[in-house]
**Student:** 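Sharing a structure, written as structure tokens. Questions coming.
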Amino acid sequence: MEDPLNTNTETNTALHDPPVPVRAKLAAAWTSFMFLYIYVDYFHLYMPGTIDDLRDGVVFEFDISQAFVTVALTSIAIPSVMIVLSVILPARANRVINLVVASLLIPYSAFNAVGESWTYFYGLSIGLEVLLLAFILRSVWTWPRTSSPSTPDLAAPRPPKIQMDR
């Protein structure tokens, strides 16, 4: 009979920790990136003068216009769509699109800190965004490869060539 009050940990087994598929890692990382992206913009509204600037029709140095709002929507749509693309695209296309988009978003994220005086807020938020983008880049760069019958394994030993004497 098992003793429920027994605290002997030697009999406990390790938790099963199966590997997480690359696609799931990418979707989770893009989702986390989007939460940060959205909340940084939301918390920016708490900064003194931001609401007054919005009422005056200005964001940062840009006039609020249809073109500005379209660019802002596009900047949110790209990482949003990356969540689903990371799950549905074939591996090769997935790898390429993630490498390109994450690489382009690193300087774009850093640009958001230009001219801002709240260095702790932007330093932390952009630092976290860049860490997530670096994780995405590392995940797709190290995506496990499998050999297929059509592509010979270069590390496999080659069978000796048989020569027949006539």
**Student:** Distance from I64 atom CD1 to R55 atom CZ, nearest 0.5 Å?
**Tutor:**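 If I round to the nearest 0.5 Å, the distance is 12.0 Å.
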**Student:** Where is the tightest heavy-atom contact between R23 and V87, given as atom of each residue plus distance?
**Tutor:**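 Nearest heavy atoms, R23 then V87: NH1-O, 3.6 Å.
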**Student:** Once the angle between the rings of Y39 and Y42 is folded into 0 to 90°, is it parallel (under 30°), tilted (30 to 60°) or perpendicular (over 60°)?
**Tutor:**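 Aromatic pair Y39/Y42 classed perpendicular.
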**Student:** So do the side chains of I106 and L137 get within less than 4.5 Å of each other, counting heavy atoms only?
**Tutor:**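 I106 vs L137: side chains touch.
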**Student:** Could you tell me which non-hydrogen atom of H44 sits nearest to which non-hydrogen atom of T50, and how far apart they are?
**Tutor:**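 Scanning both residues completely, I find the closest heavy atoms to be O-OG1, 3.2 Å.
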**Student:** Side chains of L105 and E129, heavy atoms from C-beta outward: is any pair under 4.5 Å?
**Tutor:**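 Side-chain contact under 4.5 Å: no.
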**Student:** Within this structure, what is the OH-CD1 distance for the pair Y37 and I78, rounded to the nearest 0.5 Å?
**Tutor:**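 Nearest 0.5 Å value for the OH-CD1 distance: 8.0 Å.
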**Student:** Is I83 close to F33 at the side-chain level, that is, under 4.5 Å between some pair of heavy atoms?
**Tutor:**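 No, every pair of side-chain atoms sits at 4.5 Å or beyond.
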**Student:** According to a hydrophobic-cluster definition based on side-chain heavy atoms being under 4.5 Å apart (Ile, Leu, Val, Met, Phe, Trp, Tyr only), do I88 and V140 belong together?
**Tutor:**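 Linked, I88 and V140 end up in one cluster.
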**Student:** Yes or no on side-chain contact (heavy atoms from CB on, under 4.5 Å) for L73 and V69, after CA distance, side-chain angles and deciding distance?
**Tutor:** CA-CA 6 Å; L73 176 64; V69 175; 5.5 Å; no
**Student:** Taking atom OG of S109 and atom OH of Y122, what is their separation to the nearest 0.5 Å?
**Tutor:**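 Reported to 0.5 Å precision, the distance equals 12.0 Å.
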**Student:** Rounded at 0.5 Å granularity, tell me how far CD1 in I38 sits from OG in S80.
**Tutor:**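 One finds 6.0 Å between CD1 of I38 and OG of S80.
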**Student:** After noting the C-alpha distance and the side-chain angles of W143 and K25, does the key distance pass the side-chain contact (heavy atoms from CB on, under 4.5 Å) rule?
**Tutor:** CA-CA 11 Å; W143 196 307; K25 288 179 185 180; over 6 Å; no
**Student:** Applying a strict under-4.5 Å side-chain criterion to I, L, V, M, F, W and Y, I'd like to know whether I51 and V59 cluster together.
**Tutor:**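 Both belong to a single hydrophobic cluster.
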**Student:** Which heavy atom of D63 sits nearest to which heavy atom of F68, and what is that distance?
**Tutor:**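 Nearest heavy atoms, D63 then F68: O-CB, 3.6 Å.
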**Student:** Less than 4.5 Å apart, any side-chain heavy atom of V71 and any of F62?
**Tutor:**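 No; the side chains remain at least 4.5 Å from each other.
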**Student:** What is the distance from atom CG of L133 to atom CG of L36, rounded to the nearest 0.5 Å?
**Tutor:**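 Those atoms lie 10.0 Å apart.
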**Student:** What are the two closest heavy atoms between L89 and N94, and how far apart are they?
**Tutor:**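 Looking at all heavy atoms of both residues, the closest pair is O-ND2, 3.6 Å.
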**Student:** Please round to the nearest 0.5 Å and tell me the distance separating atom CD1 of I136 and atom CH2 of W141.
**Tutor:**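 Those atoms lie 16.0 Å apart.
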**Student:** So which heavy atom on S86 is nearest to which on A27, and how close?
**Tutor:**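 Nearest pair, atom of S86 first, then A27: CB-N, 4.0 Å.
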**Student:** Is there a path of hydrophobic side-chain contacts, each under 4.5 Å between heavy atoms of I, L, V, M, F, W or Y residues, that connects F35 with F43?
**Tutor:**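 The answer is yes; both residues are in one hydrophobic cluster.
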**Student:** Between Y108 and F111, is the gap from one ring center to the other below 6.0 Å?
**Tutor:**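 No - the distance between ring centres of Y108 and F111 does not fall below the 6.0 Å cut-off.
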**Student:** What about L85 and F135, same hydrophobic cluster or not, with Ile/Leu/Val/Met/Phe/Trp/Tyr joined at side-chain heavy-atom distances under 4.5 Å?
**Tutor:**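 Result: no, two separate clusters.
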**Student:** Quick one: do W30 and V96 end up in the same hydrophobic cluster if we chain Ile, Leu, Val, Met, Phe, Trp and Tyr together by side-chain heavy atoms under 4.5 Å apart?
**Tutor:**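 Shared cluster, no.
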**Student:** Can you name the nearest heavy-atom pair linking P144 to V22, along with the distance?
**Tutor:**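 Closest approach of P144 to V22, heavy atoms only: CD-CG2, 3.7 Å.
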**Student:** Do the non-hydrogen side-chain atoms of P79 and V101 ever get within less than 4.5 Å of each other?
**Tutor:**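 Not in contact.
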